[in-house]
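Values reported hereafter were calculated over all heavy atoms of this structure, with side chains retained and with hydrogens, waters and symmetry mates removed. Quick caveat, the model's predicted, so the values are computed rather than measured.
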Amino acid sequence: QVQLVESGGGLVQPGGSLRLSCIGSGESLGYYTIGWFRQAPGKKREGLSCSRATDGATYYADSVKGRFTISRDNAKNMVYLEMDSLKLEDTAVYYCAAPFIMGYGCYDDKIDIDNYDHWGQGTQVTVSS
């Protein structure tokens, strides 16, 4: 049973960059599809990106496409979310998660939040001038 912990959040100015880390323990993250999500106050949790374990395919939501990049470092058992050109509306708590069925929940054109049941505690990202 994999456990996930996010780190790397903080305060950043508009246009700046931040790199979030999803740290795995208990099992290798290489076996797991990993998704990144965020939730702002009063809003639904939003799927941002995912990396599929079965074939390495990735998905990006329109709101972050071209600005955010998901990547893996299997030697460190980590998955990263590189965030560039940050905007005020990117302010949220960011989560990484793994689905309860390996390979599910990450598709070419969408990320399905209902397939994810292993969640980190979240890390706060605040974009402010």
Side-chain angles (χ1 to χ4, degrees):
Q1 189 87 341
V2 70
Q3 297 181 22
L4 305 174
V5 177
E6 302 93 339
S7 67
L11 178 64
V12 64
Q13 292 184 322
S17 298
L18 212 56
R19 189 193 200 191
L20 305 182
S21 299
C22 181
I23 307 164
S25 62
E27 295 183 66
S28 173
L29 294 188
Y31 295 109
Y32 286 87
T33 291
I34 298 294
W36 281 99
F37 304 81
R38 69 185 179 192
Q39 188 164 23
K43 295 186 177 181
K44 293 175 60 179
R45 191 164 296 186
E46 175 190 12
L48 304 175
S49 181
C50 52
S51 172
R52 199 158 64 208
T54 52
D55 60 0
T58 58
Y59 161 81
Y60 296 95
D62 288 341
S63 60
V64 304
K65 190 176 298 182
R67 300 189 298 121
F68 290 12
T69 304
I70 190 170
S71 63
R72 294 174 179 263
D73 187 335
N74 290 333
K76 296 181 178 179
N77 208 29
M78 291 185 179
V79 178
Y80 303 109
L81 185 68
E82 175 69 32
M83 306 185 296
D84 298 319
S85 302
L86 284 163
K87 306 173 181 179
L88 295 178
E89 51 264 42
D90 293 321
T91 296
V93 177
Y94 283 70
Y95 301 87
C96 64
F100 54 83
I101 300 176
M102 296 182 186
Y104 279 50
C106 187
Y107 309 100
D108 292 342
D109 60 346
K110 66 178 180 181
I111 182 170
D112 188 354
I113 191 171
D114 292 334
N115 285 111
Y116 293 80
D117 74 332
H118 298 95
W119 293 84
Q121 84 290 346
T123 185
Q124 176 72 47
V125 173
T126 302
V127 184
S128 177
S129 59

Do Y107 and N115 make a side-chain contact, defined as non-hydrogen atoms from C-beta onward lying under 4.5 Å apart? yes
How long is the span from the CZ atom in R38 to the SG atom in C96, to the nearest 0.5 Å? 15.5 Å
Donor-acceptor check, side chain of E27 to backbone of V2, threshold 3.5 angstrom: yes or no? yes
Return the set of residues passing salt bridge (charged side-chain N to carboxylate O under 4.0 Å, His left out) with D109 (not counting sequence neighbours), or none when no residue passes. none
Any Lys/Arg nitrogen of K65 or D62 sitting under 4.0 Å from an Asp/Glu carboxylate oxygen of the other? yes
For the side chain of Q121 and the backbone of V5, is there at least one donor-acceptor N/O pair under 3.5 Å apart? no
Y116 side chain vs G105 backbone, donor-acceptor pair below 3.5 Å: yes
Grab the two heavy atoms, one from C50 and one from I111, that are nearest each other, plus how far apart they are. CB-CD1, 3.7 Å
Taking atom OH of Y80 and atom OG1 of T69, what is their separation to the nearest 0.5 Å? 14.0 Å
From OG (S49) to CZ (R67), nearest 0.5 Å: 12.0 Å
Can you measure from CD1 (I23) to CG (D73) and round to the nearest 0.5 angstrom? 11.5 Å
Would you find a donor on one side and an acceptor on the other, under 3.5 Å apart, between the side chain of R52 and the backbone of C106? yes
Measure the spacing between CZ of F68 and CG of L20 and express it to the nearest 0.5 Å. 8.0 Å
If every non-hydrogen atom of L86 is compared with every non-hydrogen atom of M83, which pair is closest and at what distance? CD2-CB, 3.8 Å
So which heavy atom on S85 is nearest to which on S17, and how close? N-OG, 4.4 Å
What pair of heavy atoms forms the shortest contact from I34 to A98, and how long is it? CD1-CB, 4.0 Å
On a heavy-atom basis, the closest approach of G30 and A53 is O-CB, 4.1 Å
Whether D117 side chain and F100 backbone form a donor-acceptor pair below 3.5 Å: yes
Report yes if some heavy atom in the side chain of S128 is under 4.5 Å from a heavy atom in the side chain of L11; otherwise report no. yes
Write down the atom of R72, the atom of L29, and the distance for their closest heavy-atom approach. NH1-O, 2.9 Å
Value for CG (L48) from OH (Y60), rounded to nearest 0.5 Å, stands at 11.0 Å
P14 and V127, any side-chain heavy atoms less than 4.5 Å apart: yes
W119 and Y95 aromatic ring geometry - parallel, tilted or perpendicular at 30°/60° bounds: perpendicular
With a 4.5 Å heavy-atom cut-off, do I70 and V79 have their side chains touching? yes
Assess R45 against F37: is NZ or CZ under 6.0 Å from the centre of the six-membered ring, and within 45 degrees of the ring's axis? no
Is it the case that over 12 heavy atoms from other parts of the model lie below 6.0 angstrom from the CD atom of Q39? yes
Are V12 and L81 connected into the same hydrophobic cluster when the rule is that any two of I, L, V, M, F, W, Y join if their side-chain heavy atoms are below 4.5 Å apart? yes
Pair S63-E89, side-chain donor/acceptor within less than 3.5 Å: no
Show your reasoning for whether side-chain contact (heavy atoms from CB on, under 4.5 Å) applies to E46 and I113. CA-CA 8 Å; E46 175 190 12; I113 191 171; over 6 Å; no
Spell out, yes or no, whether M78 and W36 are grouped together once hydrophobic residues are joined by side-chain heavy atoms under 4.5 Å, including indirect joins. no
